[in-house]
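Report on the structure given below.
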Amino acid sequence: MLSVEEALEQILSRIEPLGTELVEVLAALGRVLAEPVVSRMELPPWPNSSMDGYAIRSEDTRGGSAELAVVGRIVAGALPPRPLRAGEAMRIFTGAPLPEGADAVVPQEDVDADGARIAVPRRVESGAHVRPAGEDIRAGDVVVGPGHVVGAAEVGLLATLGYTRARVYRRPRVAILSTGNELADLGAEPGPGQIPNTNTYSLMAQVLEAGGEPVSLGVVPDRLEAIVERLRWGRAADVLVSSAGVSVGELDLVREALTQCGAELHLWKVAMRPGKPITFGSLEGRPVFGLPGNPVSAMVTFELFVRPALRRMQGCVAVDRPRIVVPALEPIANPGGRRGYLRVTLARDGGDYGARLTGDQGSGILRSMVLADGLAMVPPGTTVAPGERVEVIVLRALEPRAA
Ligand code: AMP
Ligand code: MG
């Protein structure tokens, strides 16, 4: 049996980033940059005031105080009327450029002003309340490297640097196929012995969350020819993901169907729970995943194997989720013989976060995923006692939740 890490390494060794495209700056949100963001200018472009007040020459206050003549007024968006000479001050507003000769700003509340003159009561240091040119960004700086996910701050940065469009990696198109005689698709009343189709929808949502574009190939019964034919519908996709029919039952036909389509398969037993054998292979150069059918197993194996592959295809430098180590807030037991990925909520216990099971951990219990902020990794045959620390893969941003 392979460890999760070994299986993932084998998968990623066969995955390459897709091509790139240019998108409008706002449409780059959540996408992965394919080129470095380079500044062609200094930011701020010139020294400017961080306060409403008076631009002065600090040396004029060297004696401990100064009386200065107010010789001009500079608002943001305008240029100083002329350089500042000894014994002079200019009224200045936040963001306005400093006049040549000035090296400090005194906030308006710190001076006595009577129109034409101001009294500065104390010594002012050079650079006070001045934002120097290039303080934020210097010309030629690589501000964000390729492979980074664009967030709101990066969108603002792109706009500041004059990028009207950004080059990002293409989103992988992912075809999702659910197999099983027992499945009634959304909108159809389940017949006798049928259950609703969960996986098509949870997996498509996971594809979207991973930055991909899902396409549903619908539900197909456990018949070899039917599966083979339906798999062919997925030819235009970059990745194929199926659920169910990959274990050893008579009706587990997905592997054979993939082989008939010409896929080269690597079948693994991975030492994890939930998740039984998973199938990974390549079909006409494209990755294919055969995930287990239990809704929780399908989601967890997607999380551990498919998501990193989709991130790699998008050129991400970091394909893994963040991990944290937190105390258990209750016993977290993995009695089984394989490493457990137990669904936990991250809740605050006093000041700090800790992990609590989301309830029954059966692989058919979808509710255990619904409440999950993370997957606690517990070695085989181990119980993490309350207060002991456990490593958790963080699945989502923590938000306060109604009880
Ligand atoms: P299998 O791997 O085909 O043996 O399926 C394992 C379990 O997952 C069975 O209980 C199936 O009924 C269930 N299952 C398979 N596919 C789906 C699906 N798309 N939605 C919900 N449950 C499923
Ligand atoms: Mg089945």
Next item on the list: Using side chain to side chain contact (heavy atoms under 4.5 Å, CB included) as the criterion, list what pairs up with E154, not counting sequence neighbours.
Entry: V144, V150
Notebook entry, point to check: For E229, which residues count as a side-chain hydrogen bond (donor to acceptor under 3.5 Å, both in side chains) partner, sequence neighbours excluded?
Noted result: none
Checklist line | R286/D238 ion pair, N-O < 4.0 Å | finding: no
Pairs of donor and acceptor atoms involving the side chains of residues 208-219, under 3.5 Å and at least two apart or interchain, shall be tabulated with distances.
residue	atom	partner	partner atom	Å
S216	OG	G218	N	2.9

Next item on the list: Can you tell me which residue pairs pass the salt bridge (Lys or Arg N to Asp or Glu O under 4.0 Å) test with a partner in residues 380-395, sequence neighbours excluded?
Entry: R323-E391
Next item on the list: Only pairs at least two apart or in different chains count here, so list each side chain to side chain donor-acceptor pair (under 3.5 Å) that has a residue in residues 133-148.
Entry: E42-R138
Notebook entry, point to check: Under the ring pair (Phe, Tyr, Trp, His ring centres under 6.0 Å) test, which residues partner F289, sequence neighbours left out?
Noted result: F280
Notebook entry, point to check: Taking only residues at least two apart or on different chains, which pairs with a member in residues 91-108 satisfy side chain to side chain donor-acceptor pair (under 3.5 Å)?
Noted result: D52-T94, S58-D103, R91-Q108, D103-S126
Item checked: Whether R343 side chain and L375 backbone form a donor-acceptor pair below 3.5 Å -> no
Item checked: Polar side-chain atom of N334 near backbone of P379 as donor-acceptor pair, under 3.5 Å -> yes
Margin query: Whether the side chain of N199 engages the backbone of S202 through a donor-acceptor N/O pair (distance < 3.5 Å, no angle test) should be reported.
Written below: no
Next item on the list: Using the test salt bridge (Lys or Arg N to Asp or Glu O under 4.0 Å), find all partners of R321 that sit at least two apart in sequence or belong to another chain.
Entry: E303
Next item on the list: Please answer whether the main-chain N or O of E330 pairs with a side-chain N or O of R356 as donor and acceptor at a distance below 3.5 Å.
Entry: no
Notebook entry, point to check: Taking only residues two or more places apart in sequence or in another chain, which ones pass salt bridge (Lys or Arg N to Asp or Glu O under 4.0 Å) with R367?
Noted result: none
Notebook entry, point to check: Among all residues two or more places apart in sequence or in another chain, which pass the salt bridge (Lys or Arg N to Asp or Glu O under 4.0 Å) test with E35?
Noted result: R167
Check: Would a distance-only check, ignoring hydrogens and angles, find a side-chain to backbone donor-acceptor pair under 3.5 Å from T383 to A385?
Finding: no
Next item on the list: Among residues two or more places apart or on two chains, list those pairs meeting salt bridge (Lys or Arg N to Asp or Glu O under 4.0 Å) that have a residue in residues 7-17.
Entry: none
Notebook entry, point to check: Are F305 and V270 close enough that some pair of their side-chain heavy atoms sits under 4.5 Å apart?
Noted result: yes
Notebook entry, point to check: Can you tell me if E256 uses its side chain to pair, donor with acceptor, with the backbone of L253 under 3.5 Å?
Noted result: no
Item checked: With R31 via salt bridge (Lys or Arg N to Asp or Glu O under 4.0 Å) - residues at least two apart -> E21
Check: What's the spacing between S242 OG and L177 CG if we round to 0.5 Å?
Finding: 6.0 Å
